Amino acid sequence: MEAGNWYARHVLARILAKTAGRASLAALLRAYSRNLGDDQDSLSTRLHVLAQEDPAAAREILLPCAVSNDEDLRRAAIWLLGFHPEPADLDLLAHAAQDSDERVRSVVVGTLGSHGTEPTAIDMLLNLLNDPSPQVRISTLSSLGFLQHPRTLPKIRSLANDDNPRVRAWVAIALSRFPAAEPATSAVLDLLATDADPYVRAQATEARQRNPLDG
């Protein structure tokens with residue numbers, strides 16, 4: 001990792017996982033936390049598999065890492081906690097949602113999404129729609145679109161006036177994932193279909209075709 005050699009990391013991580021098994025989780029998590037420019041698909045899969053083998057032991061490693069002073073390690077640990085969500089994690093995630101690193105906050109969104117429609121998790125996701133980072137707002141819209149919780153619709157629709165065109169486009173994408181559109185949703189999609197940005201217009205038009213007005 002110090003040499004920036006992603007291929008060596010890939011090979012050594014595979015060897016370590018095969019020889020040390022679950023005992024390698026902490027070391028592999030640290031290796032995964034460093035961005036060396038590769039996709040890390042195989043390493044992320046190994047982490048998931050090792051954590052699944054003994055979730056309780058994995059959590060003993062992940063929880064301290066999730067509050068580490070190392071931003072990259074925090075991000076990696078919070079990401080992996082999303083594969084084994086526990087209600088007790090919500091306090092940790094509430095704190096992480098205020099992290100100074102927007103990459104950490106974006107990962108928090110995904111992990112909150114793994115808690116499904118748990119009311120506290122939904123409330124935190126709605127708050128993250130106010131995040132100053134457009135990428136965090138986009139990640140949150142994506143998660144809320146998949147969750148399809150009706151009480152999130154007013155807040156999602158309110159971002160149709162967001163300053164960032166990618167956020168406005170994701171409003172349309174998120175709304176398209178809900179069941180048949182309410183009149184208020186159709187009105188928002190009609191508005192976005194006349195947006196100054198061509199990508200926003202395209203997403204809104206597609207959303208209207210996929211999600212016609214209910215009734």
Side-chain angles (χ1 to χ4, degrees), residues 1-17 19-115 118 120-143 164:
M1 289 191 298
E2 293 301 327
N5 188 332
W6 66 265
Y7 183 71
R9 175 176 64 180
H10 169 77
V11 172
L12 292 171
R14 182 177 61 191
I15 293 170
L16 185 59
T19 56
R22 294 194 300 269
S24 66
L25 181 62
L28 294 180
L29 186 70
R30 289 186 177 277
Y32 175 81
S33 72
R34 293 289 295 275
N35 181 9
L36 300 182
D38 57 321
D39 60 23
Q40 299 196 70
D41 283 349
S42 61
L43 182 50
S44 64
T45 299
R46 288 191 184 93
L47 284 168
H48 181 209
V49 169
L50 291 173
Q52 270 193 322
E53 289 178 359
D54 190 344
R59 290 176 61 80
E60 290 182 3
I61 294 169
L62 295 175
L63 290 173
C65 292
V67 294
S68 165
N69 290 329
D70 183 327
E71 293 176 348
D72 292 329
L73 187 59
R74 286 203 307 277
R75 179 172 51 85
I78 291 168
W79 163 76
L80 194 52
L81 281 171
F83 290 98
H84 304 281
E86 294 284 349
D89 296 342
L90 291 173
D91 285 343
L92 181 153
L93 293 173
H95 179 74
Q98 307 298 320
D99 200 282
S100 60
D101 187 334
E102 71 175 70
R103 299 173 305 158
V104 173
R105 301 197 305 275
S106 289
V107 171
V108 167
V109 169
T111 299
L112 284 171
S114 69
H115 287 260
E118 201 284 331
T120 302
I122 292 291
D123 287 342
M124 283 194 271
L125 286 169
L126 289 173
N127 286 335
L128 282 162
L129 286 178
N130 298 320
D131 194 276
S133 164
Q135 185 55 53
V136 174
R137 299 198 298 278
I138 288 168
S139 297
T140 306
L141 286 166
S142 178
S143 285
N164 188 289

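All of these numbers come straight from a predicted model, not from anything done at the bench.
To the nearest 0.5 Å, the span separating OG on Ser68 from CG on Leu63 amounts to 13.0 Å. The CG atom of Leu29 lies 6.5 Å from the CG atom of Leu80; values are rounded to the nearest 0.5 Å. Taking CG of Leu73 as the reference point, atom CZ of Arg34 lies at 11.0 Å (rounded to 0.5 Å). Taking CG from Asp54 and CD from Glu60, the interatomic distance works out to 8.0 Å, rounded to the nearest 0.5 Å. Interatomic distance, Ser106 OG to Ile78 CD1, rounded to the nearest 0.5 Å: 11.0 Å.
Summarising the geometry of Val104 relative to Ala96, their closest heavy-atom pair is CG1-O, 4.2 Å, with the distance given to 0.1 Å. When all heavy atoms are compared, the tightest approach of Leu125 to Thr140 is O-CG2, 3.1 Å. Nearest approach of Ser133 to Arg105, heavy atoms of both residues: CB-NH2, 3.7 Å. Shown here for Ser100 and Glu71, the closest heavy-atom pair between the two residues is OG-OE2, 4.0 Å. Considering every non-hydrogen atom in both Ser33 and Arg75, the closest pair reads O-NH2, 3.4 Å. Taking every heavy atom of both residues into account, Cys65 and Ala77 meet most closely at CB-CB, 3.6 Å.
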| message | side chain to side chain contact (heavy atoms under 4.5 Å, CB included), that's the test. Do Leu112 and Leu90 meet it? Break it down for me. | response | CA-CA 8 Å; Leu112 284 171; Leu90 291 173; 4.0 Å; yes

| query | Checking side chain to side chain contact (heavy atoms under 4.5 Å, CB included) for the pair Ser114/Phe83: CA distance, chi angles, key distance, verdict? | reply | CA-CA 7 Å; Ser114 69; Phe83 290 98; over 6 Å; no

| request: Check step by step if side chain to side chain contact (heavy atoms under 4.5 Å, CB included) holds for Arg59 and Asp89. | output: CA-CA 10 Å; Arg59 290 176 61 80; Asp89 296 342; 2.5 Å; yes

| task | Step by step, work out the side chain to side chain contact (heavy atoms under 4.5 Å, CB included) result for His84 and Leu62. | result | CA-CA 11 Å; His84 304 281; Leu62 295 175; 5.8 Å; no

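Side-chain atoms of Asp72 and Arg103, non-hydrogen and from C-beta on, do get closer than 4.5 Å to each other. Under the 4.5 Å side-chain criterion, counting only non-hydrogen atoms from C-beta, Leu93 is not in contact with Leu81. Inter-residue side-chain proximity for Leu47 and Trp79 is flagged as met; some heavy-atom pair is nearer than 4.5 Å. Between Val108 and Asp99, every side-chain heavy-atom pair lies at or beyond the 4.5 Å cut-off.
Surrounding NE2 of His48 are more than 12 heavy atoms belonging to other residues, nucleotides or ligands, all under 6.0 Å away.
Proximity of a side-chain donor or acceptor of Arg137 to a complementary backbone N or O of Pro132 within less than 3.5 Å is detected. Without hydrogens or angle criteria, Ser142 side chain to Ile138 main chain gives no donor-acceptor distance under 3.5 Å. Here the side chain of Arg22 pairs no donor or acceptor atom with the backbone of Leu50 at under 3.5 angstrom.
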